Colleague: 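Following this message is one structure expressed as structure tokens.
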Amino acid sequence: DLHSFPTRRSSDLGNSSALLTNLKDARALTRKVIEAFPEKDLFEFNIANLRPFSAMVEEFLMITNYIFRETLHEKHTPFYTEGQFPSTKAEVLALWDKVTEIINREWKEVGDYTQSLTIYQMTFSFAQWISYAIENETHHRGQGYTYLRALGIEPPFFWGRESFNN
């Protein structure tokens, strides 16, 4: 069944600070992948009729937006208006940075990381949803790496997590 996932307790995912560090590291790596794409290829290149990487980036932002919206309700600042995703690489990177600022600010407002949220007809805790978002982004970032290699571009090191440098 598509919606049957092994259940992990939120406490299995570490404390909120560790979870935020993991999210920030994943997002920083994805930003490097976005930067590596040539402008046109970010929006058009695909392999085997899969989506271009920009569409995957839009999905990452949509999922994270839903998580924070369902958690903070009216306190949440929407990332962007759905259906109006940026059309240039510079705009995508600017939006990515804006979302990073919102996440950093709103993370402090969450309070209960074990609260249940139902998104896409699946119910997980906030912490589990963040873990899902990280895993989804990591999976699709791997597709971005494949696209970059197919374009003859060396992708950024996948182990280049910013927290490892501290």
Side-chain angles (χ1 to χ4, degrees), residues 1-5 13 19-72 76-107 117-124 126-165:
D1 179 357
L2 176 65
H3 300 294
S4 296
F5 295 100
L13 301 172
L19 190 59
L20 178 58
T21 297
N22 196 10
L23 177 62
K24 287 170 130 177
D25 279 350
R27 289 181 48 75
L29 283 170
T30 300
R31 191 185 196 290
K32 290 176 185 177
V33 173
I34 297 166
E35 288 174 331
F37 269 91
E39 178 87 24
K40 181 176 186 248
D41 294 323
L42 177 63
F43 296 92
E44 296 178 12
F45 185 80
N46 72 72
I47 296 173
N49 293 321
L50 297 173
R51 299 174 290 171
F53 193 65
S54 64
M56 296 176 205
V57 170
E58 183 175 12
E59 177 185 305
F60 309 153
L61 296 177
M62 207 166 39
I63 290 170
T64 308
N65 187 59
Y66 290 157
I67 294 167
F68 279 87
R69 185 184 69 206
E70 292 300 313
T71 302
L72 299 175
H76 172 61
T77 303
F79 296 164
Y80 68 98
T81 303
E82 285 187 43
Q84 296 180 2
F85 192 72
S87 58
T88 68
K89 184 166 116 176
E91 291 171 340
V92 170
L93 290 168
L95 175 60
W96 195 262
D97 294 342
K98 173 187 163 191
V99 169
T100 299
E101 291 173 13
I102 294 169
I103 289 170
N104 289 335
R105 184 179 64 246
E106 292 187 0
W107 192 267
L117 306 172
T118 300
I119 304 170
Y120 304 128
Q121 300 175 345
M122 298 181 293
T123 302
F124 301 129
F126 174 86
Q128 290 166 325
W129 269 114
I130 293 297
S131 180
Y132 171 92
I134 292 166
E135 291 170 10
N136 181 67
E137 186 170 319
T138 300
H139 162 72
H140 288 302
R141 187 173 56 245
Q143 289 176 284
Y145 278 57
T146 301
Y147 287 6
L148 289 171
R149 288 193 186 280
L151 290 165
I153 299 167
E154 182 69 24
F157 297 128
F158 70 88
W159 62 85
R161 298 173 65 92
E162 293 191 356
S163 68
F164 290 5
N165 297 326

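Small disclaimer: the values here were computed from a predicted structure and weren't measured.
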Colleague: Using 30° and 60° as the class boundaries, would you call the ring planes of Y80 and F85 parallel, tilted or perpendicular?
Modeller: perpendicular
Colleague: Please report the C-alpha distance between W129 and M122 in whole Å, then the side-chain angles of each, then the deciding distance to 0.1 Å, and finally whether the side-chain contact (heavy atoms from CB on, under 4.5 Å) criterion is met.
Modeller: CA-CA 10 Å; W129 269 114; M122 298 181 293; 3.7 Å; yes
Colleague: Could you check whether any side-chain N or O of S54 sits under 3.5 Å from a backbone N or O of L42, counting only pairs where one atom can act as donor and the other as acceptor?
Modeller: yes
Colleague: How far does CD of E137 sit from OH of Y132, to the nearest 0.5 angstrom?
Modeller: 12.0 Å
Colleague: Counting only N and O atoms by type, is there a donor-acceptor contact under 3.5 Å from the side chain of T88 to the main-chain atoms of E91?
Modeller: yes
Colleague: As an exercise, state the distance from CD1 of I130 to CG of L20, rounded to the nearest 0.5 Å.
Modeller: 8.5 Å
Colleague: Give a yes or no answer on whether the side chain of N46 reaches the backbone of R51 with a donor-acceptor pair at less than 3.5 Å.
Modeller: no
Colleague: Evaluate side-chain contact (heavy atoms from CB on, under 4.5 Å) for K40 paired with F45, printing each intermediate quantity in order.
Modeller: CA-CA 8 Å; K40 181 176 186 248; F45 185 80; over 6 Å; no
Colleague: How about P78 and R69: do any of their side-chain heavy atoms sit closer than 4.5 Å?
Modeller: no
Colleague: Quick check: do F68 and I102 have side-chain heavy atoms less than 4.5 Å from each other?
Modeller: no
Colleague: What do the steps show when you test N104 against K24 for side-chain contact (heavy atoms from CB on, under 4.5 Å), and what is the final call?
Modeller: CA-CA 9 Å; N104 289 335; K24 287 170 130 177; 2.9 Å; yes
Colleague: Quick check: W107 with F126 (ring centres under 6.0 Å apart)?
Modeller: yes
Colleague: Could you label the plane-to-plane angle of the F37 and F53 rings as parallel, tilted or perpendicular, counting under 30° as parallel and over 60° as perpendicular?
Modeller: parallel
Colleague: Assess the side chains of N136 and E59: does a donor N or O sit below 3.5 Å from an acceptor N or O?
Modeller: yes
Colleague: What's the verdict on side-chain contact (heavy atoms from CB on, under 4.5 Å) for I153 and Y145, showing C-alpha distance, side-chain angles and the deciding distance?
Modeller: CA-CA 9 Å; I153 299 167; Y145 278 57; over 6 Å; no
Colleague: Could you tell me whether E35 and R31 have a side-chain N and a carboxylate O separated by less than 4.0 Å?
Modeller: yes
Colleague: Judged by atom type as modelled, is there a donor-acceptor pair below 3.5 Å linking the side chain of S131 to the main-chain atoms of A127?
Modeller: no
Colleague: Could you tell me whether the side chain of V57 reaches within less than 4.5 Å of the side chain of W96, counting heavy atoms only?
Modeller: yes
